[in-house]
Structures are given as C-alpha cells and as structure tokens.
Amino acid sequence: MTTLPDTVHIETATPAAIAQAGALLRDGRLVAFPTETVYGLGADATNDRAVAAIFQAKGRPSFNPLIVHVADPADLERLVHVTDTARAVIARFWPGPLTLVLPRRANSPISLLASAGLDTIAVRLPDHAVARAVIAASGRPIAAPSANRSGAVSPTLAEHVAESLGARVGLILDGGPCRVGVESTVLDLSGDEPALLRPGGVSVEALEEALGRRLVRPTDHSDAPKSPGMLASHYAPGLPVRLNVTQPAPDEAYLGLGAMDCTANLSPTGDLEEAAANLFALLRALDRPEFSAIAVAPIPDHGLGLAINDRLKRAAAPRKPA
Ligand code: TXA
Ligand code: MG
C-alpha cells in the first residue's frame, strides 16, 4: 500500500504495518516508531539522502550527529570498533536506554551525515519490541533522533509525533506510551576514559557501579560540549519555564513532584522513574494560553532526576529569537 505524502499516516504497530515500515525505510523514506525512551524519527543510516530528510523534517542544525539503532549487538561489528568496556556495558544494559559512542570503522557503511563527519558513531539497541522489529524488517541500521521539530518537547505518544511532524513523516507507527519517557543516556567510550555526554534513562549511578569507576561528566570540562546535541535551549514548550519553584504565581501552571498542591504532578509518590515517564507529556499538557508560565517544583538531582533536571534546564534556557 502507498502513503499519500500530504496526509498524516498513523497506524497501530501490527505485523503488517511493521513490514510496511521496513519497506519504506529501505526505500529511503522516514518512519516514526516507538522506543522505550521516546518516539524516534527513523531513516536508513547508510543512505545520505534519507538521513538528510531527517534533518529537513526536524528543522535540525546539521552539525548535530544522530544515534544509529540496531536490532542485534552482532550488527555493530561492521559499523564501529567494539571495545572491551563496550562489550561489558552492552552485556549489562542492552537492550535499554543507553547509547554508546564508539570509534567508527574505516569501511563503516554509516552515512557521514548521520555522524556529522565525526570519527565516532553513537549506537543503541532499544528495549522495545516494535523498535527492534522495525529495524530488523528494514535490514538496515536506523538513524533516529526524537521524532519532533528541533528544540521542541520530545514525543512520548504517537499523537505527539503527528502534532509536531505530521505529513513530514511517511508513516507513524503507534505503539502506545513510551515506558521510560526521557532519552537514552549517552556514554562516550571512544576516548581514554568513559565520559557521560548526556544523562538519560540509565542512571549515572548504575553505570558507575557497573564500570567500577567515576564517569567524566559534562561539567568536568568547561570548553565546547563534545556532544553537539547539547544545545542550550532544547526540549522547550511554548510557555516560559521556571525551575525550583516552591511558590508559583497564581497565573502559572505548577508542575509538582511528591505530595503537594499543583496543576499536574510528575509523581505523587515522588518516584523519579514515574516522573521521567510523565515529564514530556505533562510539559505538553500544561503548555496552554491560560497560563503565563510553567513553574516546576524542585527535582532531586540523583537517579533519573539527573536526566529530568538536564531536560528541564534546557526547557528553561533563554531562547533564540524566532
Ligand atoms: O532515547 C534516545 O536516544 C532517542 C530514541 C529515539 O532512541 N534518540 C535521541 O536521539 O535522543 P537525538 O538525536 O535526539 O540525540 C542524539 C544525542 C545528541 O546529544 C548527540 O549530540 C549525541 O547523541 N551524539 C550522537 N552521535 C554522537 C557522536 N558521534 N559523538 C558524540 N555525541 C553524539
Ligand atoms: Mg531530541
């Protein structure tokens, strides 16, 4: 079956729809699909034109490299050099919300545009049956950033993708809400020391425990960020966002955590995993004209709280004039 380019094509992730997604991807088209973290906007990572279409659809600065998704760890070997540390981390955390930055193989088939010309490639194996089935059906490594316009709130439902990207995507596969709700942790294993580039769905504590050492953090070096995706303003709703608020103004939406009086609660019991899963959907829900701003209660800075605070800081960062 064919898709009309000027309509939004959203389908439940049935085996037939997954097979169609695989065929579209092989054909160089864009497909949005669910992962355990957020919905991804996928393209064949070996096809420069398909990868270019991702940047075009997202309105994303092209210097920002993409994560390449695989369905099986064995698929990595021809893309990147898999280090011993990488093998250990993969055995423990894959499939799951952990992206590894590894040295690119000389004959790697991955589009240079996907890795923004870097000599490394970010790879991940998602813990979501639909994501893995789509990748396997395509028979290709799949480049997939979050399926939203650049800088906006990441999608945790198929409807969010439809609102943000609409007809820019050949097919949106609906697999329900994303379990984790924030993007994968990005761990750089290409250098001398393992370095955290982006906090995410696997906590820093769990990684440090598995590696038996402290990770180099983005805050350890004040020079230009190595992960170019770490733009200041990002994940931003339309309304201004204020952080660490204990006394919201009467016309502000108050996003709370734990037992408190608020407009919406990330987790009434203060559970940080539940809070991460709810974060992007609640930022969207509160982004309404009757409020002057979204005020956010303090979030503890440990476990998944680190990833939540990272996203919130970017949502609250000064925006470039439109
Ligand atoms: O959970 C996720 O990771 C989602 C789902 C769809 O898998 N994807 C996602 O992709 O968040 P994206 O493109 O929004 O974020 C990619 C991150 C950026 O921070 C980017 O700079 C970093 O990974 N990255 C990609 N390739 C890199 C590389 N070679 N070196 C350093 N950082 C890299
Ligand atoms: Mg994103």
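In listed order, ligands and their atoms are each counted from 1.
Under a 4.0 Å criterion applied to the non-hydrogen atoms of His69, ligand 1 contributes the atoms 5 (C), 7 (O). The distance from ligand 1 to the heavy atoms of Ser184 drops below 4.0 Å at these ligand atoms: 1 (O), 2 (C), 3 (O). Ligand 1 places these atoms under 4.0 Å from at least one heavy atom of Leu197: 31 (C), 32 (N). Interface atoms of ligand 1 facing Thr120, defined by a heavy-atom separation under 4.0 Å, are 28 (C), 29 (N), 30 (N). Close approach of ligand 1 to Ala144 (heavy-atom distance below 4.0 Å) involves ligand atoms 6 (C), 8 (N), 10 (O). In summary, the atoms of ligand 1 found under 4.0 Å from a heavy atom of Asn64, numbered by their order in the structure, are 20 (C), 21 (O). Shown in contact with Val101 at under 4.0 Å from a heavy atom are these atoms of ligand 1, numbered in order with element: 30 (N), 31 (C).
In Arg198, the part holding a heavy atom less than 4.0 Å from any atom of ligand 1 is the side chain.
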Exercise. Mind running salt bridge (charged side-chain N to carboxylate O under 4.0 Å, His left out) on Glu163 and Arg149 for me, showing each step along the way?
Key: CA-CA 10 Å; Glu163 283 161 23; Arg149 294 282 289 170; over 6 Å; no
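With Leu282 as the fixed residue, the side-chain contact (heavy atoms from CB on, under 4.5 Å) test singles out one of Leu266, Ile294, Thr156: Leu266.
For the pair Asp44 and Arg140, the salt-bridge criterion is met [side-chain N within less than 4.0 Å of a carboxylate O].
Using cut-offs of 30° and 60° for the angle between ring planes, the Tyr235 and Phe280 rings count as parallel.
Excluding waters, the set of protein N, O or S atoms lying under 2.8 Å from the Mg ion (ligand 2) comprises Ser146 OG.
Residue contact annotation: Pro97 has no non-hydrogen atom under 4.0 Å from ligand 1. Ligand 1 has at least one atom lying under 4.0 Å from a heavy atom of Ser146.
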